[in-house]
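What follows is a set of notes on a single structure, which appears directly below.
Values reported hereafter were calculated over all heavy atoms of this structure, with side chains retained and with hydrogens, waters and symmetry mates removed.
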Amino acid sequence: MIKKVLFALMICLSIVNLFAQEGHKSIGKSQYVVTYKLIYQTDTIKGTTKDDRFMLQISDNEMSRWVSEYSYRMDSICALPNGKKIWGREIESAFAKNGRPDGKRSKEYIYKNYPETGDVTVSDAVAMQWYVYNDVLHPQVWEIRDSLRIIHGYECHLATADFRGRRWYAWFTPEIPIDNGPWKLGGLPGLILEAYDQNNHYYYSLLGFEEKEMNIYYALPIDLFDKTVGAIEKTDRIKLLRSKASEDLKVSMQLGSMGIQVNESQPKSYDLQEKDYRE
């Protein structure tokens with residue numbers, strides 16, 4: 001039992017690794033803020049799902065940052081002078097209720113048109129190791145269909161594209177002439193309000209769109225002890241995806257070393273959003 005608690009604490013400390021906002025580089029201010037909900041399947045056989053909420057900050061020069069709202073909340077707390085104490089109290093309160101603190105969910109930060117127009121910079125983590133890599137801006141080749149829908153009062157058009165191992169369906173509105181959208185999707189003549197893959201393994205839906213000025217930060221991950229979390233390694237997308245795909249095996253080995261039994265023969269019943277790492 002003690003080993004399980006210690007392991008849970010270790011996981012929570014890894015979740016605490018964050019991008020502190022204050023004292024790091026502000027790269028602009030948002031003109032618009034779009035919020036989305038993601039529901040994704042963690043077991044396609046049993047149909048179990050998890051969810052996350054994301055914020056897309058878009059500046060007037062089309063630079064944008066994609067971040068989980070839960071991660072953003074942790075960033076904001078730990079940027080406060082007494083942030084360490086606040087987060088420490090949340091951890092204690094959660095364990096007192098036999099739960100876990102509501103920390104980071106997705107660790108992926110996507111910066112489009114940064115540092116230069118046309119660039120994409122992605123920060124992500126595998127376990128407690130942080131990585132950064134460059135990606136391509138909106139590489140999807142969309143086919144616009146005849147279908148129409150009203151979403152949150154906006155007339156939306158349907159577009160489809162095969163993208164890195166999945167067929168994506170995106171509903172975009174020309175009424176908001178911004179060629180952006182959730183996650184890495186975009187490049188259409190209007191903001192994407194809803195997007196999902198063919199099997200509904202990943203489903204993004206709009207929660208809100210507003211004009212709102214906020215600081216957009218690019219920062220390095222630090223921990224609650226103000227120390228850089230190891231070396232931030234530069235990698236490429238495929239290497240990172242392969243590392244993420246094998247993360248479960250590494251966790252299983254860590255659990256086994258602590259005497260916690262894991263069924264390693266159980267097949268995986270889910271996959272990453274980008275599946276082309278298998279090629």
Side-chain angles (χ1 to χ4, degrees), residues 8 11-12 14-15 34-56 66-74 99-110 122-127 131 135 139-140 142 145 147 149 151-152 156 158-172 181-186 192-208 237-252 254-255 262-279:
I11 294 297
C12 285
S14 73
I15 291 173
V34 194
T35 50
Y36 296 90
K37 181 176 183 178
L38 167 64
I39 297 177
Y40 59 100
Q41 292 198 20
T42 55
D43 190 322
T44 58
I45 298 174
K46 297 179 180 178
T48 54
T49 63
K50 288 186 178 180
D51 67 89
D52 205 338
R53 291 169 58 105
F54 287 88
M55 176 170 58
L56 177 64
W66 171 260
V67 59
S68 166
E69 284 195 336
Y70 296 97
S71 299
Y72 181 82
R73 176 178 176 273
M74 278 193 62
R100 57 178 295 178
D102 199 3
K104 283 183 182 287
R105 296 192 185 183
S106 171
K107 297 179 181 179
E108 186 178 49
Y109 292 67
I110 302 172
V122 182
S123 298
D124 204 349
V126 179
Y131 299 90
D135 206 345
Q140 303 88 29
W142 296 102
R145 307 288 186 169
S147 302
R149 276 181 61 195
I151 299 176
H152 287 269
C156 296
L158 176 64
T160 60
D162 293 320
F163 178 56
R164 296 175 178 172
R166 294 184 185 274
R167 170 161 282 262
W168 284 91
Y169 296 79
W171 292 92
F172 70 95
W183 185 52
K184 296 181 178 181
L185 304 178
I192 297 173
L193 303 191
E194 190 170 298
Y196 45 89
D197 71 301
Q198 184 173 11
N199 297 312
N200 288 332
H201 291 172
Y202 293 86
Y203 201 116
Y204 294 96
S205 56
L206 179 75
L207 293 176
R237 184 180 62 84
I238 294 297
K239 286 182 180 179
L240 178 66
L241 292 174
R242 288 174 178 165
S243 296
K244 289 175 77 73
S246 64
E247 182 179 3
D248 285 348
L249 177 60
K250 295 177 183 178
V251 172
S252 297
Q254 290 174 340
L255 287 170
V262 177
N263 183 4
E264 296 183 3
S265 64
Q266 184 175 355
K268 288 187 176 181
S269 51
Y270 66 97
D271 207 342
L272 305 176
Q273 286 191 88
E274 299 166 282
K275 301 198 294 184
D276 57 336
Y277 68 92
R278 296 180 173 186
E279 299 175 359

Original post:
Quick one: side chain to side chain contact (heavy atoms under 4.5 Å, CB included) partners of Ala159, sequence neighbours excluded?
Top reply: Trp142, Ile144, Phe172, Leu188
**OP:** Compute the centroid of each ring, for Trp66 and then for Phe54, and state whether the two points are separated by less than 6.0 Å.
**Re:** yes
Original post:
Taking all atoms of both residues into account, what is the closest heavy-atom pair of Leu185 and Ala195, and its distance?
Top reply: CD1-CB, 3.6 Å
Subject >> Test side-chain contact (heavy atoms from CB on, under 4.5 Å) applied to Ser106 and Asp52, Asp124, Leu38, the passing residue >> reply: Asp52
Subject >> Counterpart residues, side chain to side chain donor-acceptor pair (under 3.5 Å), relative to Asn200 (two or more places apart) >> reply: none
**OP:** Indicate yes or no: at least one non-hydrogen side-chain atom of Tyr40 is less than 4.5 angstrom from one of Thr49.
**Re:** no
Subject >> Step-by-step side-chain contact (heavy atoms from CB on, under 4.5 Å) determination, Tyr202 to Arg166 >> reply: CA-CA 10 Å; Tyr202 293 86; Arg166 294 184 185 274; 3.5 Å; yes
**OP:** Please identify each residue that fulfils side chain to side chain contact (heavy atoms under 4.5 Å, CB included) with Lys239, with sequence neighbours left out.
**Re:** Thr235, Asp236
**OP:** Could you tell me the separation between the OG atom of Ser205 and the OH atom of Tyr196, rounded to the nearest 0.5 Å?
**Re:** 11.5 Å
Original post:
Which residues pass the side chain to side chain contact (heavy atoms under 4.5 Å, CB included) test with Arg145, sequence neighbours left out?
Top reply: Glu143, Leu158, Thr160, Arg167
**OP:** Identify the two heavy atoms, one from Gly186 and one from Gln140, that lie closest to each other, and give their separation to 0.1 Å.
**Re:** O-OE1, 3.1 Å
Subject >> Arg164 bridged to Asp135 by N-O distance under 4.0 Å >> reply: yes
Original post:
What pairs with Glu194 under side chain to side chain donor-acceptor pair (under 3.5 Å), at least two apart in sequence or on another chain?
Top reply: Arg149, Tyr203
Original post:
Is there a donor-acceptor contact under 3.5 Å from the side chain of His152 to the main chain of Gly208?
Top reply: no
**OP:** Indicate yes or no: does Arg278 engage Asp271 in a salt bridge with an N to O separation below 4.0 Å.
**Re:** yes
Original post:
If every non-hydrogen atom of Gly181 is compared with every non-hydrogen atom of Ile192, which pair is closest and at what distance?
Top reply: CA-CB, 4.0 Å
**OP:** Check the surroundings of atom NZ in Lys275: do more than 12 heavy atoms from other residues, nucleotides or ligands lie under 6.0 Å from it?
**Re:** yes
Original post:
Of all heavy-atom pairs between Leu241 and Leu272, which one has the smallest distance, and what is that distance?
Top reply: O-CD1, 3.5 Å
Original post:
For the residue pair Leu193 and Tyr36, what are the closest heavy atoms and their distance?
Top reply: O-CE2, 3.8 Å
**OP:** For Arg237, check salt bridge (charged side-chain N to carboxylate O under 4.0 Å, His left out) against everything at least two apart and list the hits.
**Re:** Glu274, Asp276
Original post:
Would you say the side chain of Trp183 lies within less than 4.5 Å of the side chain of Gln273, judging by non-hydrogen atoms?
Top reply: yes
Subject >> Any Met55 side-chain heavy atom under 4.5 Å of Val34 side chain >> reply: no
Subject >> Side-chain (Asp43) to main-chain (Gly47) donor-acceptor, under 3.5 angstrom >> reply: no
**OP:** Would you check if Trp171 and Ser147 make a side-chain contact, meaning some heavy-atom pair closer than 4.5 Å?
**Re:** yes
Subject >> Donor-acceptor pair between Trp168 and Tyr204 side chains, under 3.5 angstrom >> reply: no
**OP:** Please report the C-alpha distance between Val122 and Glu108 in whole Å, then the side-chain angles of each, then the deciding distance to 0.1 Å, and finally whether the side-chain contact (heavy atoms from CB on, under 4.5 Å) criterion is met.
**Re:** CA-CA 7 Å; Val122 182; Glu108 186 178 49; 4.0 Å; yes
Subject >> Shortest non-hydrogen contact between Lys107 and Ala127, atoms and distance >> reply: NZ-O, 3.1 Å
